[in-house]
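Just the heavy atoms: all of them, side chains too, but no hydrogens, waters or symmetry mates, feed the values below.
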Amino acid sequence: MKKTFSIAKAKRIEDLPPYLFAEIDRKKEEMLRKGVDVIDLGIGDPDLPTPPRIVERMRRSIGDPSTHRYPSYRGMPEFRQAVVHWYRRRFDVDLDPTSEVLTLIGSKEGIAHIPLAFIDPGDVGLVPSPGYPVYQVATLFAGGVPYFLPLLKANAFLPDFSTVPRDTCQKAKLLFINYPNNPTGAVADSEFFEKVVEFASEHGIIVCHDAAYTEVAYEGFKPLSFLEVEGAKDVGVEFHSLSKTCNMTGWRVGFVVGNAQVIDGLANIKTNVDSGVFEAIQCAGVEALESGEEDQRKILEIYQRRRDLMVGALCDAGLELEKPKATFYLWIEVPKGYTSTEFTTLLLTEAGIVATPGNGFGEWGEGYVRMSLTIDEERLKEAAKRLKELKFR
Ligand SMILES: Cc1ncc(COP(=O)(O)O)c(C=O)c1O
């Protein structure tokens, strides 16, 4: 007789931080089952299609058998060269395509793997709170200890490095930052990036700047690359993505640029884990980087209209928020007397609107909810109408 045994998951899975969206997911399902017309502003996944020019390039490339083989680990030379040209054009930053650019299976993949290259058990990863949850989880998976940097309204949602204890600085190996920021929509200026370089070089900490949203900005505002600041390349790297820029979330292509040794460390991990990005997708990525600007302009006009519509509706309803200069997220203060979870529940049960509770992005996100602008204007107008009926003032 065969012996049965219980399948136990590894401790790193058992120890994952609680999934704070579970309750909202459950309530949303319940409302849908009851036939409620739910408007989901929870997920930051662009609803608009990938521009046809990029799709066409993929169609052509997929017919070329040379793309059917294992891709090169570091990424196709043409793709890396296109990244170099784009960085020069967009940020006036020079990169070496061989040692300072690495293709990723979406920026999430690189962010999730980088702690494995630099964090030993017990080392500290400095992680923004609220923040994209992968920074924390990836640090934990590497055996590291996340130390949370509060992003407070009083500091324009920028971390204050002077509050980090000295021994934590000594144990820290990686610092994650992300501007334009998810979930707060905050942006950073060169003065902040200069402080980052100073702090990182003083303590020997590698900076990982997540720049996934630099191209989602309004009214002609052009967010900076961290690498534009003097000394940045000595201390860190910048993660980028075509997902948000060109409506390519499903394609899974991104890249990391900057410090050659850091890139090399990440490449060491990746060669042992994956075998690169399908080359036909990289060809489509070249198209996106070389000629995506006109399409992007049109996409941004749509987001801007949506942003203005929703910010107006939320303010009319008596809620407090800043009009974001970048990202497709609205970071809304919860009215007095509610927690993030309670307010999210109220929006769902009273208005059929799904928002994301701010505490799901970390302890310091409590007191906020996030709404995403990645659904069409008609649905947003309906959400605005429902919000009008829920006065909070
Ligand atoms: C801040 C931030 N970084 C990185 C990513 C990952 O993007 P991708 O893996 O599609 O490039 C996301 C996705 O939502 C994000 O919000």
Undergrad: For D316 and K388, what are the C-alpha separation, side-chain angles and deciding distance, and is it a salt bridge (Lys or Arg N to Asp or Glu O under 4.0 Å)?
TA: CA-CA 7 Å; D316 285 351; K388 223 178 229 166; 5.3 Å; no
Undergrad: Strictly distance-based, threshold 3.5 Å: is any side-chain N or O of D123 a donor or acceptor partner for the main-chain N or O of D120?
TA: yes
Undergrad: If we ignore angles and hydrogens, is there a donor and acceptor under 3.5 Å between the side chains of T163 and D160?
TA: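 There is no such pair (donor and acceptor under 3.5 Å, judged by atom type) between the side chains of T163 and D160.
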Undergrad: Knowing that exactly one of L174, L102, I206 qualifies, which makes a side-chain contact (heavy atoms from CB on, under 4.5 Å) with V262?
TA: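 Exactly one option meets the side-chain contact (heavy atoms from CB on, under 4.5 Å) with V262, and it is I206.
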Undergrad: Specify whether H209 and Y179 have parallel, tilted or perpendicular ring planes, treating 30° as the upper limit for parallel and 60° as the lower limit for perpendicular.
TA: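 Parallel: the ring planes of H209 and Y179 meet at under 30°.
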Undergrad: Judged by atom type as modelled, is there a donor-acceptor pair below 3.5 Å linking the side chain of N178 to the main-chain atoms of N182?
TA: yes
Undergrad: Output, in order, the C-alpha distance, side-chain angles, deciding distance and verdict of side chain to side chain donor-acceptor pair (under 3.5 Å) for T374 and D45.
TA: CA-CA 6 Å; T374 49; D45 185 1; over 6 Å; no
Undergrad: Are a donor atom and an acceptor atom from the side chains of T184 and N181 found within less than 3.5 Å of each other?
TA: yes
Undergrad: Could you label the plane-to-plane angle of the H240 and F91 rings as parallel, tilted or perpendicular, counting under 30° as parallel and over 60° as perpendicular?
TA: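 Tilted: the ring planes of H240 and F91 meet at 30° to 60°.
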Undergrad: Quick check on the hydrophobic clustering: are Y135 and V256 connected, directly or via other members, by side-chain heavy-atom contacts under 4.5 Å?
TA: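 Yes, it is one cluster - the side chains of Y135 and V256 are joined through contacts under 4.5 Å.
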Undergrad: Do T50 and N247 have a side chain donor and acceptor closer than 3.5 Å?
TA: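 No, because no side-chain N or O of T50 sits under 3.5 Å from a partner of the opposite role on N247.
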Undergrad: Any idea which heavy atoms bring P71 and G276 closest together, and the distance?
TA: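 Looks like CG-C, 3.9 Å.
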Undergrad: More than 12 non-hydrogen atoms from neighbouring residues, nucleotides or ligands closer than 6.0 Å to NZ on K233, yes or no?
TA: yes
Undergrad: Return yes if some donor-acceptor pair links the side-chain N/O of D295 with the main-chain N/O of P51 below 3.5 Å, else return no.
TA: no
Undergrad: Assess, by modelled atom type and distance only, whether the side chains of E238 and Y87 contain a donor and an acceptor separated by less than 3.5 Å.
TA: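 On atom types as modelled, these side chains qualify, holding a pair under 3.5 Å.
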Undergrad: For F328, is the NZ or CZ atom of R307 found under 6.0 angstrom from the centre of its six-membered ring and inside 45 degrees of the ring axis?
TA: no
Undergrad: Among V229, V235, L175, whose side-chain contact (heavy atoms from CB on, under 4.5 Å) with V196 holds?
TA: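 Single pass found, and it is L175.
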Undergrad: Can you tell me how far CG of L309 sits from CG of L314, rounded to the nearest 0.5 angstrom?
TA: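 It is 9.5 Å, given to the nearest 0.5 Å.
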Undergrad: From R74 CZ over to L266 CG, what is the distance, rounded to the nearest 0.5 angstrom?
TA: 9.0 Å
Undergrad: Looking at D274, N272, N268, which hits side-chain hydrogen bond (donor to acceptor under 3.5 Å, both in side chains) with K270?
TA: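 Going through the options one by one, the only one that passes is D274.
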Undergrad: If the test is salt bridge (Lys or Arg N to Asp or Glu O under 4.0 Å), which one of K34, R33, K27 qualifies with E30?
TA: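 Of the listed residues K34, R33, K27, the salt bridge (Lys or Arg N to Asp or Glu O under 4.0 Å) partner of E30 is K34.
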Undergrad: Find the distance between CG (L242) and CD (E215) and round it off to the nearest 0.5 Å.
TA: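 That separation rounds to 10.0 Å.
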Undergrad: On a heavy-atom basis, which atom in P183 and which in P130 lie closest, and how many Å separate them?
TA: CG-CB, 3.8 Å
Undergrad: If you compare all heavy atoms of S243 against all heavy atoms of S241, which two are closest, and at what distance to 0.1 Å?
TA: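 Minimum heavy-atom separation between S243 and S241: N-OG, 2.9 Å.
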Undergrad: Test Y329 against every option in S372, P180, P324 by the side-chain contact (heavy atoms from CB on, under 4.5 Å) rule and name the one that passes.
TA: S372
Undergrad: Tell me if a side-chain donor or acceptor on T349 pairs with a main-chain N or O of T345 at a distance below 3.5 Å.
TA: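 Yes, the answer is positive, given that a donor and an acceptor are paired below the 3.5 Å cut-off.
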Undergrad: What verdict does the side chain to side chain donor-acceptor pair (under 3.5 Å) test give for D64 and T67, after you've listed the backbone C-alpha separation in whole Å, the side-chain angles of each residue and the deciding distance to 0.1 Å?
TA: CA-CA 6 Å; D64 172 358; T67 65; 5.5 Å; no
Undergrad: Does the Lys NZ or Arg CZ of K325 fall within the cation-pi geometry relative to F221 - under 6.0 Å from the ring centre and within 45° of the axis?
TA: yes
Undergrad: Considering the options Q304, R305, K298, R297, which one meets the side-chain hydrogen bond (donor to acceptor under 3.5 Å, both in side chains) requirement together with E301?
TA: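 Testing E301 for a side-chain hydrogen bond (donor to acceptor under 3.5 Å, both in side chains) against Q304, R305, K298, R297 leaves exactly one candidate, R297.
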Undergrad: Keeping E100 on the side-chain end and V257 on the backbone end, is there a donor-acceptor pair under 3.5 Å?
TA: no
Undergrad: Any donor-acceptor pair under 3.5 Å linking the side chain of S340 with the backbone of G367?
TA: yes
Undergrad: List the atom of R370, the atom of G44, and the distance in Å for their closest heavy-atom pair.
TA: NH2-N, 3.8 Å
